[in-house]
Amino acid sequence: MMELLSPAGSREALIAAVQNGADAVYFGGSMFNARRFAANFDDHGLISAIDYCHERGVKVNITLNTLLLDKEISKALKYAEFLCRTGADAAIVQDMGLVSLIRKNIPELPLHASTQMGIHELNGAREAEKLGLEQVVLSREVPLGEIEYIHNNTPIALEAFAHGALCMSFSGACLLSSMAGERSGNRGTCAQPCRKRMGLEYMPGRDEYDLSLGDLCMIEHLAELKQAGVSCIKLEGRMKRAEYVAVVTRAYRDALDGADKAEISRHKKRMLDMFDRGGGCTGYFYGDNAHTGCIAVSDRSKELIEEAANSYAKDTRKQPVDMELHMRVGEAARLAMRLGGDNVEAVGDVVQPAQKPQTAERYMEQTRKLGDTPFICAGIRADIDEKAFLPMSAVNALRRDASAKLLESLHRRRSCDSGDIPKLKNQPAEHTRITAIASTLDQAKAAFGAGADEVALEPWEFHIAAFEAAAAFKGSKKLLISLPVAIISHKEAEKIMKIIGSGLIDGGIAANVGQLELIRSLPLRIAGTQMNAMNGYTVQAYKNMGFDRVTLSLELTKPQLRDISGAGTAVSVYGRAQLMQLRHCPVKEYRGCRSCDGFPGKMVDEGGREFPLCNVRQEDGCLVRLLNCLPTDITDLYGELPKPEAVQLAFYDEGPEKVRERIAAVMAARDGRKVSPAKNATRGHWNRAVD
């Protein structure tokens, strides 16, 4: 049976989820969770919430899934220790440095890979398993066929979103909110700029929301999810009201329990009446069924709200317990209670000989009265002398004592100690190399000619002919392959592996943890900017995994870069940031597929800023990158950092002359000469910290 995992952005929403049939809930504590604007739970509230769930047989997954700065790592690890001690069933994590520290220091705490980790193919799932994670929340973009392929080739449990909001970009690979307003989705403060007006090619009109995707609704396709190997279906909605959580949880509970088509249809209407963005779609499970231009509406009636609220107004979630009552004259009365693997026994008053004997049924009936506890008697056995006597008040006290002991047992407290973590020291590199990422052969040729030490080719389409042509330009320099954020189809991965195994490639830049396996055989293995290295512990974790060099996050300020820049790291100094990674192409939706080769169009926001779209053609369709409206350039500033092992420049729409100009500027800066930044460029986050 698939597990039903419901959201709980507040105490009321948590109760709504539990009382409407959730098998598990997920919510955030007071820190380090990706929905910082939800009500969330302080430490006392979190303990109470976990206990409430466990008393009713519901698992609890706590979101600990933001990227962390060095100054936050120790506090986050202590918070993970707190979650472990309180009995959380799992922590949902993203930051690789924190993952490595928890696995080493708090092995008792189960970990699930957040969808923010960007795992969407077999190698990513396998890497998560190696890291000691027990469950993977797959990217929303993974189709059923690939889920089944992953399931058939790895034992790790697979979790998939089944209902709720679809992000336009791959989760964990979106910088739009960060670059536009210093509110980072990776840090839990996404401002959702994709839900604002945005137009294709032109300034958006009143009703143009060309990056706002419609919501997901898989209630009619749960059997297919199960067949593909999904073990847990996840409902989105930690920012939603409790009544919404109640309605959606009850709908999926009934569907999982075998509701017929008519009942499912009724549930679907209720869900859409409660909250609707786009009418519900199957997302990417059957290919691209997503659509944009969607805004949230609600047609919820007063009656629907009241009905939803009433569904959790009373505590009706009871767990069946087996009971065994012993009453022998001259001995202390004993009551045993058993629930699954939890067995407790309470000892009461000494049983007296009866002057007026009571029947065994009378004592058993009194013992069954579990009242306002979260238990219901499934069965009771009795070993009672015929002349045994206990006052009913003593029987009640015995029952209360046994119930309290069982509750305490269900609270699942653990003993653990996170200990101390090592202080990291970063040493400047002896020499800084220049790495250029090129999209075209003209750019690659210009970069090699201008003096780049390494040129990484990330072409519009991965064919070996492009790499053969680029290799002709390299001379004594290195030719690398730069991989896109998403390679969902294993057929596309096989094509790329042929390029890597051709002997033309000297190294590779990976964009997610699963791609390490693709480039493992190469002499130089680099973790790219999309791998979100925001602290030194993540840098170290990636090196321990097998990366030789780690490119630091684009969301870091100068002081934050300074703390971890040095040997074994790379710093991005020029290029348009990839703000979003789209499996749904807005050009294709509104104008039909153009078989684009490079730049299919641009998005324009309400302020008139233009964001180019840049595609990579793959076996199963395009991956479209939304680029920043301006390139980031800190060429003249990076000398203020401890010397990194490499500086990186990324070129997309630049001509060969621009490539030569920026590489010449970097070479001058490397030699200590004064240079000027590119015109019409931004400093990125050099002086602008993200929240």
- Message: If we check side chain to side chain contact (heavy atoms under 4.5 Å, CB included) with Leu5, which of these qualifies: Leu235, Ile233, Asn61, Asp23?
- Response: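 The side chain to side chain contact (heavy atoms under 4.5 Å, CB included) with Leu5 is passed solely by Asn61 among Leu235, Ile233, Asn61, Asp23.
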- Message: Taking side chain to side chain contact (heavy atoms under 4.5 Å, CB included) as the criterion, tell me which of Val347, Leu325, Thr367 meets it with Leu398.
- Response: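 With Leu398 as partner, Val347, Leu325, Thr367 yield a single side chain to side chain contact (heavy atoms under 4.5 Å, CB included), made by Leu325.
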Can you tell if the side chain of [X] reaches within under 4.5 Å of the side chain of [Y], non-hydrogen atoms only?
X: Pro7; Y: Tyr26; value: yes
X: Glu12; Y: Tyr312; value: yes
X: Lys240; Y: Val248; value: no
X: Asp89; Y: Pro110; value: no
X: Leu131; Y: Arg103; value: no
X: Ser177; Y: Arg183; value: yes
X: Ile147; Y: Val230; value: yes
X: Glu243; Y: Arg300; value: no

- Message: Show, in sequence, the C-alpha distance, side-chain angles and deciding distance for Arg412 and Asp342, and conclude whether the salt bridge (charged side-chain N to carboxylate O under 4.0 Å, His left out) test is met.
- Response: CA-CA 10 Å; Arg412 306 282 187 250; Asp342 292 276; 2.9 Å; yes
Rounded to the nearest 0.5 Å, what's the gap from [atom1] on [X] to [atom2] on [Y]? Could you check?
X: Leu138; Y: Ile119; atom1: CG; atom2: CD1; answer: 8.0 Å
X: Cys167; Y: Gln116; atom1: SG; atom2: CD; answer: 7.5 Å
X: Glu148; Y: Asn153; atom1: CD; atom2: CG; answer: 10.5 Å
X: Met337; Y: Ser409; atom1: CE; atom2: OG; answer: 11.0 Å
X: Ser100; Y: Ile421; atom1: OG; atom2: CD1; answer: 9.5 Å
X: Asp254; Y: His267; atom1: CG; atom2: NE2; answer: 3.5 Å

Around atom [atom1] of [X], are there more than 12 heavy atoms from other residues, nucleotides or ligands closer than 6.0 Å?
X: Arg328; atom1: CZ; value: yes
X: Arg338; atom1: CZ; value: no
X: Asp372; atom1: CG; value: no
X: Lys318; atom1: NZ; value: yes
X: Asp420; atom1: CG; value: no
X: Lys226; atom1: NZ; value: no

I'd like to know if [X] and [Y] make a salt bridge, using a cut-off of under 4.0 Å between side-chain N and carboxylate O.
X: Glu307; Y: Arg270; value: yes
X: Asp257; Y: Arg250; value: no
X: Arg56; Y: Asp315; value: yes
X: Arg368; Y: Glu365; value: yes

- Message: If you apply the rule salt bridge (charged side-chain N to carboxylate O under 4.0 Å, His left out), what do you find for Glu263 with Arg266, and how did you get there?
- Response: CA-CA 5 Å; Glu263 184 70 6; Arg266 187 181 75 85; 3.1 Å; yes
Any donor-acceptor N or O pair under 3.5 Å, side chains [X], [Y]:
X: Thr189; Y: Arg187; answer: no
X: Glu306; Y: Asn310; answer: no
X: Thr154; Y: Glu129; answer: yes

- Do His221 and Phe285 have ring centroids that are under 6.0 Å from one another?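 No, the ring centres sit 6.0 Å or more apart.
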- Message: Pair Ile219, Tyr252 - check side chain to side chain contact (heavy atoms under 4.5 Å, CB included), show working.
- Response: CA-CA 6 Å; Ile219 193 168; Tyr252 280 84; 3.6 Å; yes
Could you list the residues that satisfy salt bridge (charged side-chain N to carboxylate O under 4.0 Å, His left out) with [X], not counting sequence neighbours?
X: Glu121; answer: none
X: Glu224; answer: none
X: Glu81; answer: Lys78, Arg85

Which heavy-atom pair separates [X] from [Y] by the least distance, and what is that distance?
X: Asp273; Y: Ser298; answer: O-OG, 3.4 Å
X: Asn532; Y: Gly172; answer: ND2-O, 3.0 Å
X: Ala91; Y: Leu109; answer: CB-CD2, 4.0 Å
X: Leu370; Y: Cys377; answer: CD1-N, 3.6 Å
X: Leu410; Y: His54; answer: O-CB, 3.2 Å
X: Ala13; Y: Ala8; answer: CB-CA, 4.1 Å

- Item | Residue of the set Arg277, Arg140, Lys268 for which salt bridge (charged side-chain N to carboxylate O under 4.0 Å, His left out) holds with Asp215 |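 So, applying the salt bridge (charged side-chain N to carboxylate O under 4.0 Å, His left out) to Asp215 and each of Arg277, Arg140, Lys268, only Arg277 qualifies.
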Could you pull out all donor-acceptor pairs under 3.5 Å where a side-chain atom in residues 44-52 meets a protein atom, sequence neighbours excluded?
| from | atom 1 | to | atom 2 | distance (Å) |
| --- | --- | --- | --- | --- |
| Ser48 | OG | Arg11 | NH1 | 3.0 |
| Asp51 | OD1 | Arg413 | NH1 | 2.9 |
| Asp51 | OD1 | Arg413 | NH2 | 3.4 |
| Asp51 | OD2 | Arg413 | NH2 | 2.9 |
| Tyr52 | OH | Gln19 | NE2 | 2.8 |

- With sequence neighbours left out, what residues match Asn535 under side-chain hydrogen bond (donor to acceptor under 3.5 Å, both in side chains)?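 Asn535 satisfies side-chain hydrogen bond (donor to acceptor under 3.5 Å, both in side chains) with Asp95, Thr538 once adjacent residues are dropped.
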- Ser403: side-chain hydrogen bond (donor to acceptor under 3.5 Å, both in side chains) partners, not counting sequence neighbours: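 Testing Ser403 for side-chain hydrogen bond (donor to acceptor under 3.5 Å, both in side chains), a comparison that skips the adjacent residues, returns none.
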- Passes side chain to side chain contact (heavy atoms under 4.5 Å, CB included), Arg362 versus Met392? Steps please. CA-CA 10 Å; Arg362 176 73 176 88; Met392 288 303 164; 3.5 Å; yes
- Relative to the ring of Tyr244, is the ring of His163 parallel (under 30°), tilted (30 to 60°) or perpendicular (over 60°)?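 His163 vs Tyr244 ring planes: tilted.
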- Going by the angle between their ring planes, with limits at 30° and 60°, are Phe27 and Phe41 parallel, tilted or perpendicular?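 Correct class here is tilted.
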- Is it true that a side-chain atom of Arg334 and a backbone atom of Glu345 form a donor plus acceptor pair closer than 3.5 Å?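 No, because the side chain of Arg334 does not come within donor-acceptor range (under 3.5 Å) of the backbone of Glu345.
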- Query: So, the side chain of Thr249 versus the backbone of Ala246: is there a donor-acceptor pair under 3.5 Å, distance only?
  - Reply: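 Checked: no pair found.
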